Amino acid sequence: MIKRFLAIIALLGAAAVLLPFVLKLPTEEALPGLASEYIENAPGELGAANLVTGIIVTYRGLDTLGEVAVLFAATAAVGLLLKRTGNEGGVSHWRASEILESGGGFLFPLIILYGVYIFLHGHLTPGGGFQGGVVIATGFLLLLLSGSVNSFNHTVMSLVESFSGFAYVAVALAGLIWAAGFLDPRFLPQGDFGRLFSAGAIPVIYSLIGLKVGAELIGILDAMRCKVRREGVTA
Amino acid sequence: MEILGGIFAIAGSVFLFLAALGLIRMPDMYDRMQAGTKATTLGTMLFLIGLAMAEPQWVGKSALLILFVIFSNPLSSHALARAAYHAGISLGERAACDELAGACEDEEETA
Amino acid sequence: MRNFKARVILLILTLCIWYLLTYPFDSQELIAGGITALVIILLPLPGIGILGDFRWTPKAFIFGFVYLFYFLWQLLKANIDVAFRVLHPKLPIEPGIVRVKTRLKTPLGRLLLANSITLTPGTITVESDGEDFYVHWIKVEGIHDKERTKKIVTGFEGFLEVICG
Amino acid sequence: MNIAIVIILGVLMLAAAVTALYLKSLSAAVIAAGAVSLLASVIYLLLAAPDVAMTEAAIGSALTTVVFLYALSRMRGTKKEDPRD
Amino acid sequence: MIIQIIVSIGALLVLIGLWGLLTRRNLIKMIIGFSIMDTGTHLIIVGLGYRKGATAPILDSSITPGTHFVDPIPSALVLTAIVIGLAVTALMLAYAVRLHSSRGSALIEDFKENTL
Amino acid sequence: MADQLFNIAAVIMLISLVLAIVRLLIGPSVGDRAVALDAMTIISLSLIGWIALSTGRGIYMDVALVYGLISFVGIVAIARYLERGL
């Protein structure tokens, strides 16, 4: 009972913290200074039609590098925590039906294709490396669920992950050498605004982020699932 | 053309509404699934056709959406129906026959 | 051979989808799409073999085209059926799970047949076991397996047998 | 029009959130949490943030649900959960 | 007007999630509460960047000069925060699974300090 | 005129969304909730199409494509969990 009372007090405190957000909102129509600066200058400077992508990859590029590192750390921690506890959970397990298996095999390449579309067009349409990586990881998840694959090749996965991480830093350093600074994408030509090959190195960076995020999320999923032995199951 | 698209869209949304109504009214899970699968598939198809008529530039993405919905919706319904059956959700009291029951017991013995 | 054919079909399919995704024509998009499609078909794809079950003959193409319209007609009929049952005040249903047999041998044929059954009047595929399909039917009719099979499966089977055996 | 849609979706979201916390069955709670992020993603789109909407749709409705379900099935062990609530 | 509604919904979601985090007994329910709180926070941040009548900051052929855009910075921040949120949720679930496998229970009152 | 027709369609879709979520909240079984989530996904896909039309931004259709492809995997995962195959 006293626990519930304390919880109510904590809730009231949180409400008191959140109340100013609701009451004292910015009422003016104009954007804050930094935002309008970005909106005015970013298309000309970077050549990226999607301003959110431009901000994530260049102006806030260091943050993104940090986020990818945090994701890597989380993946490593999950893998470490759930290592070699594979005996539990494998009590009874149904195979997926034949229909789901063939359907998953058919849809898998289409999901991968859409993921590639999302991260290649990160600078033109909504989406980008993070979303594309998630979509690719979901495609591999579909393979796991439909039962056509039982385990992934860990060597290939960690190879893809380290290669894309290394290449990301290499591209960032290339910006330091041939353009204005670390993570500056303007060492490649800007191209025609709004077409695929434009915006300097932004599509390259986002593709690398996409591969890395995809590989990391597959790692998380692979560590989370129970390792079941599937012999002797007929259903 | 746009008016025709609007009429298609309304027809589609009516089918979506029927699907939701079926979800509420039907007595057991399999019958709800009958309404929830067929009516939502056709409803979405009609709405997207209407959308492509109103905005002809979007026809590519609308066509792709229709393709994906036609392929993935029955698959997920099949997976859910199979799961519900194996999790032991009953057919309801109006059920006439259940020919899977015998076959299933055999499978569990071999498993 | 089957796998090679499957990969060729997948290449055509991915190129078509890429073109639809980037609908107004652009040469750069097409280059990127071609590279992507080549990379995808070179991946080790488990379960891609089912696409190789398509037949190349002109007859199969014509049947596929007709099948599309037959399927859409059945879908429309299914929806009118659902609408009738939902709006009817007494809910005229008498559900049951029945067993039907199919003559189709290939996985692709069975996948298409199961999806078609799920989207046609009053039926959902619940379980598949080789050539037996167990189908949930919202209003069970007929007594024998053969009679039911004729009502549910035969219409699609005729087309699918030509398209993908 | 937009305000009405946002209010309706928001109320549905709050209802789903409260239900997610008070359902007995854990898997049903996970499904309700999936509904919360589904509706959140439509609201993001109404707020003109399609990038966020896409991320939320992909992560919230598929990957988060799956991660929860993997954890549940590892914790389920030998005890069978009742498929009905 | 719409910003107020969005921010209120987000704040309520945060409070609901916090309530779940503090009062639920099952670890999974607490993690669900956390992820609801996460969604609420993201909703508040995105809502603060919205302006009336503005459109998404993505330039294409349908944009005419003089169009208003929403603030792109909150979108950029929330975008990465959602992905990190998934990783954090997975990490918490991994801890929960480990606790469950060592104690055979997922209820919070089974974890007393003196049994450690 | 056409805009009004699409708006009416959107209102009907909102009502169906409410009905579907009612089924999700009252249950009674986990399977029922999963069916309701499936229906909700499809309905919100159409709603996203309407939002794209009313704001005149074709790029929003990409989000609908994500819905169509990805949330299917979520439903399959729930199904596999229910039949103890995960």
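First the proteins, then the strands, lettered A, B, ... as listed; each starts at 1. Please read these numbers as outputs of a predicted model, since none were measured by experiment.
- Near-neighbour residues of residues 10-17 of chain C relative to chain B, defined by a heavy atom under 4.5 Å from a heavy atom of that chain, comprise Ile17(C).
- Within the structure, ring pair (Phe, Tyr, Trp, His ring centres under 6.0 Å) pairs that include any residue of residues 25-52 of chain B comprise Tyr30(B)-His136(C) (at least two apart or interchain).
- Among Leu111(C), Thr120(C), Leu76(C), the residue making the largest number of heavy-atom pairs under 4.5 Å with chain B is Thr120(C).
- Closest heavy-atom contact between Leu21(C) and Lys61(B): O-CE, 3.3 Å.
- Taking NE2 of His78(B) as the start and CZ of Phe133(C) as the end, the distance is 8.5 Å to the nearest 0.5 Å.
- The stretch residues 10-18 of chain B places Phe15(B), Leu18(B) near chain C, each with some heavy atom under 4.5 Å from a heavy atom of that chain.
- With hydrogens and angles left out, the side-chain atoms of His86(B) and Glu127(C) include a donor and acceptor closer than 3.5 Å.
- The contact list for residues 60-71 of chain C toward chain B, using heavy atoms and a distance under 4.5 Å, reads Phe71(C) by residue number.
- Among the candidates Asp81(C), Asn115(C), Leu75(C), Thr118(C), the residue making the largest number of heavy-atom pairs closer than 4.5 Å to chain B is Asn115(C).
- For the set Gln34(B), Met45(B), Arg25(B), the count of heavy-atom pairs under 4.5 angstrom toward chain C peaks at Gln34(B).
- Annotation for Lys38(B) and Val82(C): closest pair CD-CG2, 4.0 Å, computed over non-hydrogen atoms.
- Contacts of Val86(C) with chain B are made by both backbone and side-chain atoms, with heavy-atom separations under 4.5 Å.
- Contact annotation for Met33(B): both backbone and side-chain heavy atoms come within less than 4.5 Å of a heavy atom of chain C.
- Ranked by heavy-atom pairs under 4.5 Å with chain C, the first of Asp31(B), Leu21(B), Thr41(B) is Asp31(B).
- A pairwise comparison of heavy atoms in Ala81(B) and Val126(C) identifies O-CG1, 4.1 Å as the closest pair.
- At a 4.5 Å heavy-atom cutoff, the contact between Leu87(C) and chain B is made by backbone and side-chain atoms alike.
- The environment of CD in Glu2(B) is sparse: at most 12 heavy-atom neighbours from other residues, nucleotides or ligands sit within 6.0 Å.
- The most heavy-atom pairs under 4.5 Å with chain B, out of Thr125(C), Asp132(C), Leu112(C), come from Thr125(C).
- Side-chain contact between Leu119(C) and Asn73(B) is absent, with no heavy-atom pair separated by less than 4.5 Å.
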